[in-house]
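Have a look at the structure below, then the notes.
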Protein chains: 4
Amino acid sequence: MARPLSPEKRNALLVAATHAVAEQGVLASTASIARRAGVAEGTLFTYFENKDVLFQELYLHLKDELAETIMPDYPSEADFRLRLEHVFQHYVRWGVANTAGRLAIARLSASGQLWDETRTKGMEPFLAVSQMMEEAVQSGVLLDAPIAFLYSIIERIADTTIEFVERQPDNAERHRQLGFHAAWRAITP
Amino acid sequence: MARPLSPEKRNALLVAATHAVAEQGVLASTASIARRAGVAEGTLFTYFENKDVLFQELYLHLKDELAETIMPDYPSEADFRLRLEHVFQHYVRWGVANTAGRLAIARLSASGQLWDETRTKGMEPFLAVSQMMEEAVQSGVLLDAPIAFLYSIIERIADTTIEFVERQPDNAERHRQLGFHAAWRAITP
Amino acid sequence: MARPLSPEKRNALLVAATHAVAEQGVLASTASIARRAGVAEGTLFTYFENKDVLFQELYLHLKDELAETIMPDYPSEADFRLRLEHVFQHYVRWGVANTAGRLAIARLSASGQLWDETRTKGMEPFLAVSQMMEEAVQSGVLLDAPIAFLYSIIERIADTTIEFVERQPDNAERHRQLGFHAAWRAITP
Amino acid sequence: MARPLSPEKRNALLVAATHAVAEQGVLASTASIARRAGVAEGTLFTYFENKDVLFQELYLHLKDELAETIMPDYPSEADFRLRLEHVFQHYVRWGVANTAGRLAIARLSASGQLWDETRTKGMEPFLAVSQMMEEAVQSGVLLDAPIAFLYSIIERIADTTIEFVERQPDNAERHRQLGFHAAWRAITP
DNA sequence: TATGAATGAGGTTTCATTCAT
DNA sequence: CATGAATGAAACCTCATTCAT
C-alpha cells in the first residue's frame, strides 16, 4: 500500500498552522506553514484539500485538544459548582499552557472564514458540559437564561482570565480564583 | 495626507471597509473596498498610506464612533452602578444598531494585524470610564482586581448580550437586563 | 479616465498568443505569452479574464482576420464557381501568409478547449458564403448534401493546399489550381 | 521498458489515455489517465517513460488499430477505385465505431506535441496504400499530384464523412457514398 | 513490480501598490 | 486630486515525476 499518509506529518502541519495562525492570522501563507512543518509546499495539499479546509480542520483539531484537557476527568457526579469549576480551571490551564492554540482558535473564530458547520462540530465534544448546565438551569442553580448565553459568558471570562494569568504569571492563582468567582456570580441568581 | 480634500470620500472608504471587513475579515481586498465606496482603486491610497494603515484607522474610527454613543451623556455624577449600566447599555445599543461595525472591530481585534499602539489609542476615549472604575475599586464597590480585568469582563458580557439580542430581538429587553445583572454580579464582591 | 485600455497592448497579446499557440498549442503558458507581448504577467488578465477566455477570443480574432481577407471584395454577383474560387484562393492566401495564425486556429480547434459557442460565433462572418452555397445546392450546381458537409470539404482541401504550398513554394500556383479543382470537383455532381 | 510484465495494464493505460485525450486533449493529467486505467499514478511511468512518450505511443497505437481495420482484407488485386473505396470505407467504419480514438488522433495530431518521427512512423502501416496510389498516378487514373497531397485530401474528406455520419446516423449510408464520390472526384482528373 | 505519498518547479491568478493620464 | 491600467511579487494550487514501502 505504498507509503501511508503519515499522522506525524499531518500533525506537524497542524502544529505549524497553529503557530502561523497565532502569529499572522488567516493571512499566514500555505507556503510558510509547509516550511514550518518541514514538508514541501505540495505536501500540505495531500493532507488538506485547500487552505480553507486546513483552517476548518485546524479549528476542530484545537477544539478537540481542548476537550481532551477538560473532559477526561470531568467529575460528572460532583455538584454543579465543582463541575463548572473543573471546566473553567481546565480551560484556563489549557489556554495558559497553549498560547498559540488559544490565539489560533480566537483568530479563526473571528476571521470570518470559519464555516457554521465547523463551529457546530467544534461544540460536540463539550456536550456533557452543556447538558450539565441545562440541568443546573432547570434546578434553579444557574440563571434562567439560554445556556448558550451562560456558556458564552463563562468562556469569555475564562479567556480574560487566561490573558491576565499570562500578563502576570505571579498572580496566576489569584486571577484564576478571581476569574472563576466572577464567572460563577455572573451566571447564578 | 494631513487634510485630504474630501472628508466624504474618506468616510465612504471607512464605511465600505467596515462592511467589507465585517463580511470577509482582513482578507477583504482593497479593490473591493474601493468599489464599495464608489471610488477608484488608487484613490484609497491617497487617503490611507496602505492596507495596514487603513485597518488601524478603521479600528480607531469605529472605537470613536462607539465612544460617541457612550460618552456624550455619561452621568458622571450618578452612583457607580448607574454609571456602569449607562456604559453597558449604550455599548449594547451601539452594537445592536451597528452589526457591521461591531463585527469589524471583532475581526480586526482578533486578526493579528492590529498594532499595540492602535489598541492603546482605541482606549483613550473611554478614559472617564476606567477612572470611574478605579474609584469604584478603591471605594470597595467593585472587586479588588485590575480594572483592565474588570473592564474586559464587562466588555465580553456586553458582546455576548449583543449577540443574543440579535439572535432573539423579541427578548431584547430581557437579555439586556440579564446581561447587565450578570456583569454587575461578576465584578462586585 | 486614467490610462485607457490600450488596443495595441491587447493586440500584442493576441499576436503573442498566436505564435505561442502555434508553437506549443494550449500548453503555452500565460507567462510566456505575456513575456512575448512585452507586458507584465498580470496585464494579460486585465485584457482577458482567464486563459480559457483568452483562447476563445484568440480564435475569434483569427477567424475575423481571415474573414477580413476573404470577405471585403467578395464578388457577390459573380457565378457560383467564381465566388467559390474567390473564397478558396483568399483562404489559401491568408493561410500561406499567416502560418502562425493558421496553426493556432488548427491547434485551438482540435484542442478540446474551444467552446461550442465560440465555434458558432466564429462562423458568423462567413454567412454570405454559406448562403451562396445553399443557393448553389438548390440550383443544382453543387452536390445535394448538407452545406456544412460541402463547406467542410472545401476547408479541408484548402488546408491541405496551404500545407503543400508551404512545403513547395515554387509550385505554389500549381498547387493552388490543383487544390481548387479538386475541391470543385469534389462538391459538384 | 522492453517487455513490461503486464500487457493488460499497458493496454488499460492506452485505452484510458484515448478517452482522456479525446475529452480534454493534451491537458489531460497523467493522474486522471492512471485513475481511469485503474492503476496507481506511478505505474503509468513504468510503462511510459514520461507524458510525452505516452502521447507518441498512444498515437502510434491508435494508428496501428486503424491499420488493422483497413489492411487485413485489403484487396490488392482489385482495380484502383475499388481499392481506394475499401480504404475509404474502412477508415470511415473505424472512425465511426471509435469516436474516442478518432478524436484522440485529431487532438494529438494538432496539439503541437507530436514528434515528426512519430508522424512518420504512423504512416508505415499504410505503405501499401501509398504505393497503390503512386501506381495509380503513374497510370493516369489519379491526378498528377504529390500522393501525399492526394492522400491528405482523402483523409480529410473521410474525416468529414465520419463527422456527418455521427451527426446524422440515419443518413449514414448516404453520407458514406457522398463522401467517397466526393473524394474520388476530387483526386481523379 | 505496484503503490501512492512526497516533491518542488511551475502554472494560473490575485492583489497591494504605483504611476501615466 | 482622481482614475484605473500596469506592474510583479507572491499567493494558492496542480501535476509530472520520484522514491520509500
Side-chain angles (χ1 to χ4, degrees), chain A residues 1-6 9-10 13 26-35 37-54, chain B residues 1 3-6 9-10 26-35 37-54, chain C residues 1-6 9-10 26-35 37-54, chain D residues 4-6 9 26-35 37-54:
Chain A
M1 209 242 287
R3 216 177 318 187
L5 279 171
S6 145
K9 221 158 259 181
R10 191 188 134 93
L13 281 163
V26 292
L27 294 177
S29 75
T30 53
S32 79
I33 293 171
R35 200 179 322 119
V39 303
E41 288 189 43
T43 300
L44 190 150
F45 296 94
T46 71
Y47 287 87
F48 305 96
E49 204 181 326
N50 55 42
K51 199 188 178 184
D52 265 9
V53 167
L54 165 62
Chain B
M1 257 284 304
R3 236 181 290 162
L5 216 70
S6 159
K9 229 160 246 181
R10 189 187 134 94
V26 292
L27 294 176
S29 73
T30 54
S32 79
I33 293 170
R35 199 180 323 120
V39 303
E41 290 183 45
T43 301
L44 190 151
F45 294 92
T46 70
Y47 288 88
F48 305 97
E49 202 181 327
N50 57 42
K51 201 187 179 183
D52 267 4
V53 167
L54 165 62
Chain C
M1 213 243 287
R3 217 176 317 187
L5 279 171
S6 143
K9 221 156 262 181
R10 191 188 135 92
V26 290
L27 293 177
S29 76
T30 52
S32 78
I33 294 171
R35 199 178 324 119
V39 303
E41 289 189 40
T43 300
L44 188 152
F45 295 93
T46 71
Y47 287 86
F48 306 95
E49 204 180 326
N50 54 45
K51 199 186 178 184
D52 266 7
V53 168
L54 166 62
Chain D
L5 215 71
S6 159
K9 229 159 248 183
V26 291
L27 293 178
S29 71
T30 53
S32 79
I33 293 170
R35 198 179 323 120
V39 304
E41 291 182 43
T43 302
L44 190 150
F45 295 92
T46 70
Y47 288 88
F48 304 96
E49 199 181 328
N50 56 42
K51 200 185 177 184
D52 267 5
V53 167
L54 165 63

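Protein chains get the first letters and strands the later ones, always in sequence-line order, with residue 1 at the start of each. Being a predicted model, the structure only gives us computed values, none of them experimental. Only this structure's heavy atoms are used, side chains among them; waters, hydrogens and symmetry mates stay out.
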- Note on the structure: Under a 3.5 Å limit on both distances, the Watson-Crick or wobble mate of dT14(F) is dA9(E)
- Message: For nucleotides 12-19 of chain E, give me one character per nucleotide, 5' to 3': B if any protein heavy atom sits under 4.0 Å from the base, S if the only such contacts are to the sugar-phosphate, - if neither.
- Response: SBB-BBBB
- Message: Could you tell me if the side chain of Leu44(B) sits less than 4.5 Å from the side chain of Val39(B), heavy atoms only?
- Response: no
- Task: Show your working on side chain to side chain contact (heavy atoms under 4.5 Å, CB included) between Leu54(B) and Phe45(B) and close with a plain yes or no.
- Result: CA-CA 9 Å; Leu54(B) 165 62; Phe45(B) 294 92; over 6 Å; no
- Item | Distance, rounded to the nearest Å, where Leu5(C) contributes CG and dA20(E) contributes C1' | 14 Å
- Closer than 4.0 Å, any side-chain N/O of Lys9(C) to the OP1 or OP2 of dA5(F)? no
- Message: Measure CD1/Ile33(A) against C1'/dA11(F) and give the value in whole Å, please.
- Response: 12 Å
- 4.5 Å side-chain heavy-atom contact, Thr30(C) and Glu41(C): no
- Query: Judged by atom type as modelled, is there a donor-acceptor pair below 3.5 Å linking the side chain of Tyr47(C) to the main-chain atoms of Ser6(C)?
  - Reply: yes
- Query: Do the side chain of Lys51(A) and the main chain of Val26(A) share a donor and acceptor less than 3.5 angstrom apart?
  - Reply: yes
- What is the distance from CG of Leu44(B) to P of dA2(F), rounded to the nearest Å? 12 Å
- Does Thr46(A) put a side-chain nitrogen or oxygen below 4.0 Å from OP1 or OP2 of dA6(E)? yes
- Specify the separation, in whole Å, of atom CZ of Phe48(A) and atom P of dC12(F). 15 Å
- Query: With both distances under 3.5 Å as the test, what is the Watson-Crick or G-U wobble partner of dT21(F)?
  - Reply: dA2(E)
- Could you check how far CZ of Arg35(A) sits from P of dC12(F), rounded to whole Å? 11 Å
- Query: Using a cut-off of less than 4.0 Å, is there contact between a side-chain N or O of Tyr47(B) and OP1 or OP2 of dA2(F)?
  - Reply: yes
- Query: When you match Ser6(C) and Ala40(B) each to their closest nucleotide on DNA chain F, which lands nearer the 5' end?
  - Reply: Ala40(B)
- Taking all non-hydrogen atoms of both residues into account, name the closest pair between Val53(D) and Asn50(D) and its distance. N-OD1, 2.9 Å
